Amino acid sequence: MNSRKIRTTPKQYTVYLIFMLIACSGAVVWQVCLPNFAEQFTSWGSAFGWQREIALWNIGIITAIIFTLVKKNVEMMKLLTIQSTILCWLLGINHLAALLMNFSFTYTIHILGVFEVMLLGGIWGTILLIKSRS
């Protein structure tokens with residue numbers, strides 16, 4: 001008899017994916033509607049074509065998250081949690097590198113990227129995935 005317990009519940013995945021839905025939606029808004037924020041609050045400046053492409057990528061992620069939440073498919077939730085966690089770590093590290101290369105408190109998007117994306121999204125997702133293996 002297999003007495004292995006899965007400690008991660010569908011509700012925990014759902015809450016995490018709703019967080020990611022909100023974060024990705026926010027990124028779409030500022031990338032499409034407020035692209036000059038990048039110029040003012042990052043070390044990267046603005047590049048409207050790339051920013052629009054990032055927004056479109058986020059729309060794809062948003063679509064997948066909404067579809068998964070509507071279907072309530074736990075396996076799809078776990079897969080999107082894996083994908084989102086990896087993206088959070090990579091994007092957060094990218095913001096951290098940009099911040100460390102030219103530190104300034106005016107680069108608030110990099111600072112938020114480190115805290116919101118890497119630390120909150122990355123660590124939260126990692127904890128969910130580790131718990132799901134227990």
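We number each residue from 1, following the sequence as shown. It should be emphasised that the depicted structure is a prediction, and the values quoted were computed from it without experimental measurement.
- The shortest distance between side-chain heavy atoms of H110 and F103 does not fall below 4.5 Å.
- For the atom pair OH (Y16) and CD1 (I127), the distance works out to 10.5 Å, reported to the nearest 0.5 Å.
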For this session: Start with the C-alpha distance between N94 and L90, add both sets of side-chain angles, then the distance that settles side chain to side chain contact (heavy atoms under 4.5 Å, CB included), and finish with yes or no.
Result: CA-CA 6 Å; N94 190 42; L90 295 174; over 6 Å; no
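- Judged by distance alone, with hydrogens and angles left aside, the side-chain atoms of N58 form a donor-acceptor pair with the main-chain N or O of I54 at under 3.5 Å.
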Problem set entry | Candidate pair T85 and W124, rule side chain to side chain donor-acceptor pair (under 3.5 Å), full reasoning | CA-CA 8 Å; T85 301; W124 185 2; over 6 Å; no
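- Put simply, OG1 on T126 and CD1 on I82 are 11.0 Å apart, with the number rounded to the nearest 0.5 Å.
- With hydrogens and angles disregarded, no donor-acceptor distance shorter than 3.5 Å links the side chain of S84 to the backbone of T81.
- Once rounded to the nearest 0.5 Å, the distance linking OG of S132 with NZ of K78 reads 3.5 Å.
- Using a 4.5 Å heavy-atom threshold, the side chains of F19 and E116 count as touching.
- Taken from OH in Y107 to CE in M101, the straight-line distance is 10.5 Å, to the nearest 0.5 Å.
- Within the 4.5 Å cutoff, the side chain of W89 has no heavy atoms near those of the V117 side chain.
- No continuous path of ILVMFWY side-chain contacts below 4.5 Å connects L100 to L91, so the two sit in separate hydrophobic clusters.
- At a threshold of 4.5 Å between non-hydrogen side-chain atoms, the residues W30 and I109 count as touching.
- Taking every heavy atom of both residues into account, G122 and C88 meet most closely at N-CB, 3.5 Å.
- Shown here for V74 and P10, the closest heavy-atom pair between the two residues is CG2-CG, 3.6 Å.
- With a 4.5 Å cut-off on side-chain heavy atoms, I62 and M20 do not count as touching.
- Within the model, atoms CD of Q31 and SG of C24 stand 11.0 Å from one another, a figure rounded to the nearest 0.5 Å.
- With Q51 contributing its side chain and A47 its backbone, the two residues share a donor-acceptor pair below 3.5 Å.
- Counting heavy atoms from C-beta on, the side chains of Y13 and T8 come closer than 4.5 Å.
- Using a 4.5 Å heavy-atom cutoff, the side chains of N36 and F48 are in contact.
- Both L96 and I111 are assigned to one and the same hydrophobic cluster, defined by single-linkage of ILVMFWY side chains at heavy-atom distances under 4.5 Å.
- Taking CD1 of I22 as the reference point, atom CD1 of I18 lies at 7.0 Å (rounded to 0.5 Å).
- The shortest distance between side-chain heavy atoms of M77 and T14 falls below 4.5 Å.
- In the hydrophobic clustering of this structure, I59 does not group with V29; members are Ile, Leu, Val, Met, Phe, Trp, Tyr whose side-chain heavy atoms approach within less than 4.5 Å, directly or through other members.
- Placement of L80 and V15 within a single hydrophobic cluster is found when ILVMFWY residues are connected by side-chain heavy-atom separations under 4.5 Å, directly or transitively.
- The backbone N or O of T9 sits less than 3.5 Å from a side-chain atom of Q12, completing a donor-acceptor pair.
- Between S46 and P35, the shortest heavy-atom contact is CB-O, 3.8 Å.
- One hydrophobic cluster, built from ILVMFWY side chains closer than 4.5 Å, cannot hold both L79 and M76; they sit in different ones.
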For this session: Just do the side chain to side chain contact (heavy atoms under 4.5 Å, CB included) check on L21 and L17 with the steps written out, would you?
Result: CA-CA 6 Å; L21 180 68; L17 291 174; over 6 Å; no
